[in-house]
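Each remark here refers to the structure printed beneath this line.
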Amino acid sequence: MARKLMIAGNWKMNKTANEGKALVEELKNAVADICPCKVDIIVCPPFTTLTSVLEAAKGSNIKVGAQNIHWAESGAFTGEISGAMLKELGVEYVIIGHSERRQYFGETDETVNKRLKAALANDLKPIVCIGEMLEERESGKTNDVLATQLAGGLADISAADMEKIVIAYEPVWAIGTGKTATPEVAEETHKYIRSFLTDKYGKEVADKIVIQYGGSMNDGNAEALVSQADIDGGLIGGASLVAAKFTALINNALKGSAC
Ligand code: PGA
């Protein structure tokens, strides 16, 4: 089944409001001729850069996402941002459970699940990140780790809600390291993720879910990765911070996309 390509830039803690605006101004001209029917192009800046990026992206084919969301509607959660705050700004997507959140900020499958429910309740499209550490892959535990993350992260999520969720498979050992999983290794894991979703939600739902690859994806490897049957796009860190590189990546991914 042909799923629409989805390429999302995760800017992490990069770009001030002015820098983000400048990047989107450049990017929107560079991708202006790409039909939105073929690919969803998303940028996920830091919270403080959302407003200027949303303004710059208006009327273009660039969509905007946040990098995190708190599960409560409001309250005493210093430093956190609620779904209503993001929705009111005009944000459409939200990254949940990135491995850096899991590694450095105590994110667990339980908090991923709570944030996911908050995103759905606020009509934001969640990009849920999962992925194994190097030692887990080397000891043959990859699928078990992913199954645990998926079971916990997606607890109590209905099939109707599952259809609104994007999964980003990001092997932790490939993030920011320049080490990409080979297309074949990534595909094998994506296939496993889709089989997990098939068991839980049935084939019809699982076939609709966009599963992105993330981890040192760039303009050189995007086509080969996206050519794989179960790889439907990418979540891009470093290569999303320069308009020309991100545009080249999108164009090369389009060559590999079945859609
Ligand atoms: P990278 O990051 O492309 O810089 O490896 C990907 C990510 O962490 O989402």
Side-chain angles (χ1 to χ4, degrees), residues 5-15 19-20 23 27 39-47 49-50 53 62-69 91-107 112 115-116 119 125-134 136-137 142 145-146 149-150 153 165-183 185-186 189-190 193 210-226 228 231-253 256:
L5 182 67
M6 183 182 283
I7 303 287
N10 173 13
W11 291 5
K12 309 191 180 185
M13 197 174 72
N14 294 291
K15 305 292 175 189
E19 289 167 351
L23 174 51
L27 185 64
V39 53
D40 286 316
I41 302 171
I42 305 160
V43 295
C44 302
F47 291 131
T49 304
L50 283 170
V53 160
I62 299 172
K63 299 164 182 224
V64 180
Q67 296 175 19
N68 196 12
I69 176 176
V91 167
E92 199 175 332
Y93 290 84
V94 61
I95 298 171
I96 296 173
H98 190 277
S99 66
E100 285 147 18
R101 301 286 325 161
R102 294 176 189 257
Q103 257 181 300
Y104 308 133
F105 302 101
E107 193 85 57
V112 166
R115 292 183 204 275
L116 174 58
K125 296 173 187 157
I127 299 174
V128 175
C129 302
I130 56 172
E132 81 286 1
M133 315 277 279
L134 183 59
E136 292 166 338
R137 174 157 290 269
T142 299
V145 169
L146 298 178
Q149 291 177 345
L150 286 166
I165 298 170
V166 174
I167 302 289
Y169 166 60
E170 301 203 301
V172 180
W173 47 271
I175 295 178
T177 58
K179 284 186 206 154
T180 333
T182 62
V185 166
T189 311
H190 279 238
I193 295 166
V210 167
I211 307 177
Q212 299 176 317
Y213 170 81
S216 298
M217 193 163 171
N218 57 42
D219 56 336
N221 57 30
E223 181 181 352
L225 284 161
V226 164
Q228 301 292 324
I231 302 182
D232 310 314
L235 183 58
I236 325 298
S240 71
L241 296 173
V242 177
K245 276 194 190 172
F246 196 46
T247 307
L249 187 157
I250 295 165
N251 281 318
N252 287 344

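Numbers for residues simply follow the sequence, beginning at 1. Whatever order the structure lists them in is the order used to number ligands and atoms, beginning at 1. What you are looking at is a predicted structure, and each value in this text was computed from that prediction instead of being measured.
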Quiz item: Arg102 side chain to Cys129 main-chain N or O, any donor-acceptor pair under 3.5 Å?
Solution: yes
Quiz prompt | Leu23 to Ser240 - nearest heavy-atom pair and separation | solution = CD2-O, 3.9 Å
Self-check item: Nearest option to atom 7 (C) of ligand 1, as decided by whichever heavy atom of Glu100, Gln67, Glu170 sits closest
Solution: Glu170
Quiz item: Between Met6 and Val210, what is the shortest heavy-atom contact and its length?
Solution: CB-CG1, 4.0 Å
Exercise. With heavy atoms under 4.0 Å as the rule, classify the contact between Ile175 and ligand 1 as side chain, backbone, both or neither.
Key: both
Quiz item: Does any N or O atom in Gly214 lie less than 3.5 angstrom from one in ligand 1, N or O only?
Solution: no
Quiz prompt | ligand 1 N/O within reach of Thr177 N/O, cut-off under 3.5 Å | solution = no
Self-check item: Proximal atoms of ligand 1 relative to Gly215 (non-hydrogen, under 4.0 Å)
Solution: 5 (O)
Quiz item: If you count the non-hydrogen atoms of other residues, nucleotides and ligands that lie under 6.0 Å from NZ in Lys245, is the total more than 12?
Solution: no
Exercise. Could you list the atoms of ligand 1 found under 4.0 angstrom from a heavy atom of Gly176?
Key: 1 (P), 4 (O), 5 (O)
Quiz item: Do ligand 1 and Gly238 have nitrogen or oxygen atoms that lie under 3.5 Å from each other?
Solution: yes
Quiz item: Pick from Glu132, Gln212, Gln149: which one makes a side chain to side chain donor-acceptor pair (under 3.5 Å) with Tyr169?
Solution: Glu132
Quiz prompt | Enumerated ligand 1 atoms positioned under 4.0 Å from heavy atoms of Asn10 | solution = 9 (O)
Quiz item: What are the atoms of ligand 1, with element, lying closer than 4.0 Å to any heavy atom of Ala174?
Solution: 5 (O)
Quiz item: For atom 3 (O) of ligand 1, what's the nearest protein heavy atom and its distance?
Solution: Gly237 N, 2.8 Å
Exercise. Of the side chain and backbone of Ser99, name the one, both, or neither that has a heavy atom under 4.0 Å from an atom of ligand 1.
Key: neither
Quiz item: Atoms of ligand 1 less than 4.0 Å from His98 heavy atoms?
Solution: 7 (C), 8 (O), 9 (O)
